[in-house]
Asks: 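Below is a structure I'd like to ask you about.
Just so it is clear, the structure is predicted and the values come from calculations on it, not from any experiment. These values consider heavy atoms only, across backbone and side chains, with no hydrogens, waters or symmetry-generated copies. Just so it is clear: chains get the letters A, B, ... in the order the sequence lines come, proteins before strands, and each one is counted from 1.
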Amino acid sequence: MASERDFNEVISGLAKKRGFYWGPSPEIYGGSSGFYDLGPLGKLLKNRLESVIRSSFVRSNFWEVECPTVSPEIVWKASGHLDGFMDPLTQCTKCDQVYRADNLIEEHSNDASLKGLSLDEMTKKIEELGIRCSACKSELGPVQQHNLMLKTKLGLDQDAYMRPETATTTYLLFKRFLTFFRDKLPASVFQIGKAYRNEISPRQGMLRLREFTQVEGQIFILEEDEMNWPQFEDIKDVELPLLAYQVQEKGNEKVSMVKMSEAVKKGYFQKPAYAWCVWLAYEIFRGMGFTNENMRLRQHLLNERAHYAADAWDVEIQTRSFGWVECCGIHDRGNYDLTRHQEFSKERMSVKVNKQPVVPNVLEIAFGVERPLFCLLDNSYAEDEERNWLKFPPPLAPVQVAIFPLMGKPELLTPAQEIFNAVLDSGLVTQFDRGGSIGRRYRRQDEVGTPFCVTVDYDSLEDSTVTVRDRDSMEQVRIKREELVETLHKLVKGTILFASLAK
RNA sequence: GCGGCCAUAGUCUAGCCUGGUUAGGAUCGUAGCCUUCCAAGCUACUGAGCCGGGUUCAAAUCCCGGUGGCCGCACCA
């Protein structure tokens, strides 16, 4: 198998060639890194992932909302992103090398008390400690901030920002949710939408984008309900591939399959409701085609956690291009966000518990769609001596069925066209292909992961059957014409397996 | 952002050092012929020197700047 870097080139080459994604966008003007276009197949695949995500959330009683992607500055002051989302940077006055000021100070002082200095204080500290550019030994300039949010203006002069996450915009609706949910907590909502991060220098293609689609599910919940979460009963015997931080601290990277009830007992999870969120994230990723073989749940080490996070686990996916890739965060955000918005907006963000106002906590599942999209491509790629193909689970495949006449003769073309129209009308994404040899057409479909191909041959004219060919085994069975549409639907949904037809 | 390397059809690539004809090949694609199930063959065709500037009679080729990619550093809520 190709090395890691080469493998990424295989995947992105295939993605470009067959229309999964293109970029950096806008290509004809040279492109800006961190931006990609989805081609027809990529968009289909993304839609499938999103619909898996949607139905998982809806089945778990979450309600979908959609908020604007631009919000005025006050929102991001309140959320902490205007301060916390900034990197304090200092630049060499001579060679323009850029350093992260807080890291620099920490390295040179070994003094943990120096966290949280202001910009001016950091500038002074660098001078005091005599820190110079490690490349050319020249003086460093004043500490400035690089904000990871993209700034814009509303009207003539109101500062505003593109949202760096959808979560905050969801929290702003809390009062409305209380009415909608008739004052009952826990209340669960989710949002799928664009978010923007002005990364200094994004690399690794689809894995670090400046504009990407975020999925964020939120549960507004009171503390006692976090401890008493009935749905946990349903999953207590489910085993998840876990890597807790206690295990990692012992220098161990070994994932173990742990029953959820066991994980709570061991103290990996403090709260059953939070543990359930980790399970839900896992379930969503299983729906997106990942398995215990290529997925793990890793708990953040204490120093990895974000400004709002009381506990944090990630879903990580193993790829052949980049090793383990962090794809989803499950956060216990406490009541940090609602408290802050209450403070800044002067609006009540609490509910009454025993006549006392209580600001509820938030549990969050957050991920970008593009990462699992890439990981799925990466994990689905297969090749042997004669062909390469994408072994998408049939329900996720962008193109679901392809229809061919065995040869481009009118007597086969016409019935093949009719079948194509019927299958297309039935709601499957279907392609018709009459070009080149039959083998070549199978290979084309293999390369984009189409799970089933239907071929109309001369026998079809006699006995009204067609052959259905399976992508992974390359085997084929004859199916009666009148059963074709229904059979294809079952195959694509995965309610029957091709192997069960093959006898 | 910094440094090193790099940029030619959809994809892979030759030519660049040593400036000079219609920028060559492979593959993919398209149309047709042939072909009764896994990239066969034949014929024809489409399609390219990242962008901008400079040097020169002449630039894919030399020089400068920008953009993008890879690697290292830094960054990645």
Side-chain angles (χ1 to χ4, degrees), chain A residues 5-6 8-10 12-19 22-35 39 76 79-92 94-104 133-136 144 146-149 163-165 167-168 195 197-205 207-210 304-309 312 326 329 331 366 385-389 404-409 411-412 434-447 453-461 466-471 473-476 478:
Chain A
R5 240 170 52 63
D6 293 343
N8 179 43
E9 271 161 36
V10 170
S12 50
L14 176 64
K16 265 190 193 171
K17 184 178 166 196
R18 303 313 302 265
W22 297 302
S25 176
E27 281 190 295
I28 64 167
Y29 289 106
S32 293
S33 62
F35 295 93
W76 308 110
S79 72
H81 286 92
L82 210 50
D83 302 321
F85 221 67
M86 296 258 206
D87 291 333
L89 302 176
T90 175
Q91 194 170 23
C92 173
K94 205 164 184 182
C95 72
D96 292 339
Q97 177 75 40
V98 172
Y99 300 90
R100 175 91 186 240
D102 49 348
N103 291 354
L104 220 50
C133 173
S134 62
C136 74
Q144 296 174 332
H146 169 78
N147 197 301
L148 282 152
M149 289 193 291
R163 61 183 180 186
E165 60 165 24
T168 288
R197 287 177 196 186
N198 194 13
E199 304 280 0
I200 297 176
S201 102
R203 281 188 200 172
Q204 302 191 315
L207 292 187
R208 264 181 87 196
L209 297 172
R210 287 181 166 139
E304 277 182 283
R305 294 181 193 173
H307 62 276
Y308 48 71
E326 179 185 324
H331 306 121
E385 314 74 47
E386 58 172 324
R387 60 175 189 150
N388 61 285
W389 72 104
F404 313 138
L406 182 59
M407 285 175 300
K409 297 277 196 233
E411 62 269 28
L412 294 177
R434 51 160 292 184
S437 72
I438 188 74
R440 178 182 290 272
R441 284 175 276 164
Y442 285 142
R443 294 293 187 272
R444 276 193 201 122
Q445 296 302 328
D446 285 342
E447 204 175 24
C453 296
V454 174
T455 302
V456 176
D457 59 16
Y458 286 99
D459 290 345
S460 306
L461 305 179
V466 292
T467 62
V468 176
R469 179 262 197 186
D470 176 55
R471 175 196 64 204
S473 65
M474 304 199 331
E475 280 167 15
Q476 33 188 294
R478 292 202 80 86

Asks: Return the minimal non-hydrogen interatomic distance between A/Lys16 and A/Trp22, and the atom names on each side.
Replies: O-NE1, 2.9 Å
Asks: Check this for me, if you would: do A/Arg443 and A/Glu386 make a salt bridge, where the nitrogen-to-carboxylate-oxygen distance has to be below 4.0 angstrom?
Replies: yes
Asks: Is there a donor-acceptor contact under 3.5 Å from the side chain of A/Arg441 to the main chain of A/Gly436?
Replies: yes
Asks: Given that A/Asp459 and A/Glu326 both sit by RNA chain B, which one's nearest nucleotide is further toward the 5' end?
Replies: A/Asp459
Asks: Considering every strand shown, what is the Watson-Crick or G-U wobble mate of B/G72 when both distances are under 3.5 Å?
Replies: B/C2
Asks: OP1 or OP2 of B/A40 versus the side-chain N and O atoms of A/Arg440: is any pair under 4.0 Å?
Replies: yes
Asks: Return the nearest nucleotide to the side chain of A/Thr467; candidates are B/G68, B/C37, B/U36.
Replies: B/C37
Asks: Between C1' on B/U27 and CG on A/Leu14, what's the gap in Å once rounded to a whole number?
Replies: 15 Å
Asks: Taking only the side-chain heavy atoms of A/Arg444 (C-beta and beyond), determine which of B/C76, B/G29, B/C38 contains the nearest atom.
Replies: B/G29
Asks: Can you tell me which nucleotide in B/C37, B/A40, B/U35 comes closest to the side chain of A/Asp457?
Replies: B/C37
Asks: Which is more 5' along RNA chain B, the nucleotide nearest A/Arg208 or the one nearest A/Arg387? Just name the residue.
Replies: A/Arg387
Asks: Closest approach of A/Asp446 and A/Arg469, non-hydrogen atoms and distance?
Replies: OD1-NH1, 2.7 Å
Asks: Could you check whether A/Asp470 gets within reach of a base, just the sugar-phosphate, or nothing at all, counting any heavy atom under 4.0 Å?
Replies: nothing
Asks: Using a 4.0 Å heavy-atom cut-off across all strands, classify A/Gly31 as base, sugar-phosphate, or nothing.
Replies: sugar-phosphate
Asks: Does B/A39 have OP1 or OP2 under 4.0 Å away from a side-chain N or O of A/Arg443?
Replies: yes
Asks: Checking contacts here: which listed nucleotide (B/C75, B/C37, B/G10) is nearest the side-chain heavy atoms of A/Lys17?
Replies: B/G10
Asks: Between B/C37 atom P and A/Glu475 atom CD, what is the distance in whole Å?
Replies: 17 Å
Asks: Could you tell me how far B/C28 sits from B/C64 if I compare only their P atoms? Round to whole Å.
Replies: 40 Å
Asks: Taking the C1' atom of each, how far is B/U61 from B/C71, in whole Å?
Replies: 26 Å
Asks: Indicate, with a heavy-atom threshold strictly under 4.0 Å, whether A/Glu27 touches base, sugar-phosphate, or nothing.
Replies: nothing
Asks: Return the nearest nucleotide to the side chain of A/Lys16; candidates are B/U11, B/C75, B/C28.
Replies: B/U11
Asks: Can you tell me which nucleotide in B/C38, B/G68, B/A40 comes closest to the side chain of A/Pro24?
Replies: B/G68
Asks: Which of these nucleotides, B/G72, B/C38, B/G69, is closest to any side-chain atom of A/Arg203?
Replies: B/G72
Asks: Can you figure out which of B/U36, B/C38, B/A39 approaches the side chain of A/Met407 most closely?
Replies: B/U36
Asks: Taking donor-acceptor contacts at under 3.5 Å, does the side chain of A/Ser201 reach the base of B/C75?
Replies: no
Asks: When you compare B/G47 with B/G10, how far apart are their P atoms, in angstrom units rounded to a whole number?
Replies: 11 Å
Asks: Please evaluate the base of B/C51 for a donor-acceptor partner in the side chain of A/Tyr29 within a cut-off of under 3.5 Å?
Replies: no
Asks: Rounding to an integer number of angstrom, what distance separates B/G68 and B/A26 when you compare their C1' atoms?
Replies: 26 Å
Asks: For the side chain of A/Ile438, counting heavy atoms from C-beta on, which of B/A39, B/C34, B/C37 is nearest?
Replies: B/C37
Asks: Using a heavy-atom cut-off of 4.0 Å across all strands, would you classify A/Arg434 as base, sugar-phosphate, or nothing?
Replies: sugar-phosphate
Asks: Can you check whether A/Ser437 has a side-chain N or O nearer than 4.0 Å to OP1 or OP2 of B/A40?
Replies: yes
Asks: Side chain of A/Glu199, base of B/C76: donor and acceptor closer than 3.5 Å?
Replies: no
Asks: So, for A/Glu411 and A/Leu461, which heavy atoms are closest and what is the spacing to 0.1 Å?
Replies: O-CD2, 3.7 Å
Asks: Using atom P in both nucleotides, what's the gap between B/A40 and B/A14 to the nearest angstrom?
Replies: 27 Å
